[in-house]
Visitor: 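Could you have a look at this structure, given as structure tokens, before my questions?
Below, each value reflects all heavy atoms present in this structure, side chains not excepted, and no hydrogens, waters or symmetry copies. Values in this document were obtained by computation on a predicted structure and should not be read as measured data.
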Amino acid sequence: MIEELAPRCESGRHERRAGARQRGAGPNDELVFVERVLVTLVHLWTGLTHAALGVIYEVGSSTVGGAISEVRPLLAARGFAMPDHPGIRLRTLEDVFAYADAEGVCLRIDGMETQVRRPRTGRPGRRAFISGKRRQNTIKTTTISDHQGRTLWSGAERPGRMHDQTAVRTEGIAEQFRQYPQAKAEVDEGYRGLANEFPGQVSARR
């Protein structure tokens, strides 16, 4: 996986720099690429905060946040492998729902909330990061897993103030239930509106 992702990472950095990196052109990364991948995987598996991961890896929380922001899109583009179906990789939200519809898999939709450093003063939308539930500065990510807890899809990061139900609309999850009427899912109370809209497909856990 590292050998596959590393060239994509460097290619992305090359495009952002509009050319090859020059010696002395910027600060060295505090985490090498393998460490950036590992810290991202640990974050996705455990939900540890950027600050906690920073303590573990002995770097600043902003370095952790930068690593995760860089690596998550690479992992998503690579797709999520299905151990029971060799050769199948789920890369898009539509892939996930088509798989669930065809295989009769009940999806689990949840919002992972991670505490982050308070955005700097003067940043536009600074208040949007304050979570109404946790009363802290957070970012949220919608995740979809199967009944065994295996991640099948991870959405874009969003400010903590955005409600889970709003994310369902903006990320196109509700539309997928319309396209795949046989797809089933379990959600928590944050997605009660989705369960009310699709009572035959979505059940809300208490």
Visitor: Let me confirm one number: the CZ-OG1 distance from Arg36 to Thr63, rounded to the nearest 0.5 Å.
Guide: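 Those atoms lie 10.5 Å apart.
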Visitor: How long is the straight-line distance from CG of Leu53 back to OG1 of Thr40, given to the nearest 0.5 Å?
Guide: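 If we round to the nearest 0.5 Å, Thr40:OG1 and Leu53:CG are 9.0 Å apart.
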Visitor: Quick one: does any side-chain atom of Gln201 pair with a main-chain N or O of Phe177 as donor and acceptor, under 3.5 Å?
Guide: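 Flag set: sc Gln201 to bb Phe177 pair under 3.5 Å.
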Visitor: So, Arg91 and Asp95, do they make that salt bridge, N to O below 4.0 Å?
Guide: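 Result for this pair is no, no salt bridge flagged.
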Visitor: Taking only residues two or more places apart in sequence or in another chain, which ones pass side-chain hydrogen bond (donor to acceptor under 3.5 Å, both in side chains) with Asp101?
Guide: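 Scan of Asp101 (side-chain hydrogen bond (donor to acceptor under 3.5 Å, both in side chains), adjacent residues dropped) gives none.
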Visitor: Check Leu48 against Ala52 and note the closest heavy-atom contact, atom names and distance.
Guide: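 Looking at all heavy atoms of both residues, the closest pair is CD2-CB, 4.4 Å.
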Visitor: Can you tell me if Glu186 uses its side chain to pair, donor with acceptor, with the backbone of Leu107 under 3.5 Å?
Guide: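 No, because the side chain of Glu186 does not come within donor-acceptor range (under 3.5 Å) of the backbone of Leu107.
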Visitor: Say whether, by atom type as modelled, one donor and one acceptor occur between the side chain of Lys184 and the main chain of Gly200 under 3.5 angstrom.
Guide: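 Side chain of Lys184 to backbone of Gly200, a donor-acceptor pair under 3.5 Å: yes, one is there.
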Visitor: Give the cluster check for Phe80 versus Val42: same hydrophobic cluster or not, with ILVMFWY residues linked at side-chain heavy-atom distances below 4.5 Å.
Guide: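 As far as the 4.5 Å side-chain criterion goes, Val42 and Phe80 are not connected within one cluster.
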Visitor: Using 0.5 Å steps for rounding, measure from the OG atom of Ser203 to the CG atom of Leu194.
Guide: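 Answer rounded to 0.5 Å: 10.5 Å.
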Visitor: Check Ser154 against Arg72 and note the closest heavy-atom contact, atom names and distance.
Guide: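 The answer is OG-NH2, 2.8 Å.
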Visitor: What distance do Thr151 atom OG1 and Leu90 atom CG have between them, rounded to the nearest 0.5 Å?
Guide: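 So the OG1 of Thr151 and the CG of Leu90 are separated by 11.0 Å.
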Visitor: Is there a chain of hydrophobic side chains (I, L, V, M, F, W, Y, each step under 4.5 Å between heavy atoms) that links Val34 to Val39?
Guide: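 Looking at the clustering, Val39 is in the same group as Val34.
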Visitor: Tell me, do Val64 and Tyr57 make a side-chain contact under 4.5 Å, heavy atoms counted?
Guide: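 Val64 vs Tyr57: side chains apart.
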Visitor: When you look at CD of Glu58, are more than 12 heavy atoms from neighbouring residues, nucleotides or ligands closer to it than 6.0 Å?
Guide: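 No, because the 6.0 Å sphere around CD of Glu58 holds 12 heavy atoms or fewer from other groups.
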Visitor: Taking a hydrophobic cluster as the set of Ile, Leu, Val, Met, Phe, Trp and Tyr residues connected by side-chain heavy atoms closer than 4.5 Å, whether directly or through intermediates, do Phe33 and Ile56 fall within one such cluster?
Guide: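 Same cluster.
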Visitor: Say you draw a straight line from CZ of Arg89 to OH of Tyr99; how long is it, rounded to the nearest 0.5 Å?
Guide: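 One gets 13.5 Å once the value is rounded to the nearest 0.5 Å.
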Visitor: Starting from the C-alpha separation in whole Å, work towards a yes-or-no answer on side chain to side chain contact (heavy atoms under 4.5 Å, CB included) for Tyr191 and Ile109.
Guide: CA-CA 9 Å; Tyr191 299 92; Ile109 304 174; 4.2 Å; yes
Visitor: For the residue pair Gly149 and Ser145, what are the closest heavy atoms and their distance?
Guide: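 Taking Gly149 first and Ser145 second, the nearest heavy atoms are C-CB, 4.0 Å.
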Visitor: Please determine whether side chain to side chain contact (heavy atoms under 4.5 Å, CB included) holds for the pair Asp146 and Arg108, giving the CA-CA distance in whole Å, both sets of side-chain angles, and the decisive distance to 0.1 Å.
Guide: CA-CA 6 Å; Asp146 63 12; Arg108 294 181 178 177; over 6 Å; no
Visitor: Show the nearest heavy-atom pair for residues Ala67 and Leu31, with the distance to one decimal.
Guide: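 Closest approach of Ala67 to Leu31: CB-CD1, 4.3 Å.
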Visitor: Going by an N to O cut-off under 4.0 Å, is there a salt bridge joining Arg178 and Glu197?
Guide: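 Yes, this pair counts.
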Visitor: Any donor and acceptor pair, going by atom type alone, linking the side chain of Glu30 with main-chain N or O of Val59 inside 3.5 Å?
Guide: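 No.
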Visitor: For Glu35, enumerate each residue passing the salt bridge (charged side-chain N to carboxylate O under 4.0 Å, His left out) test, keeping only those at least two apart in sequence or located in another chain.
Guide: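 Glu35 satisfies salt bridge (charged side-chain N to carboxylate O under 4.0 Å, His left out) with no residue once adjacent residues are dropped.
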Visitor: Quick one: CH2 on Trp153 to CZ on Phe97, what's the gap to the nearest 0.5 Å?
Guide: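 Interatomic distance, Trp153 CH2 to Phe97 CZ, rounded to 0.5 Å: 8.5 Å.
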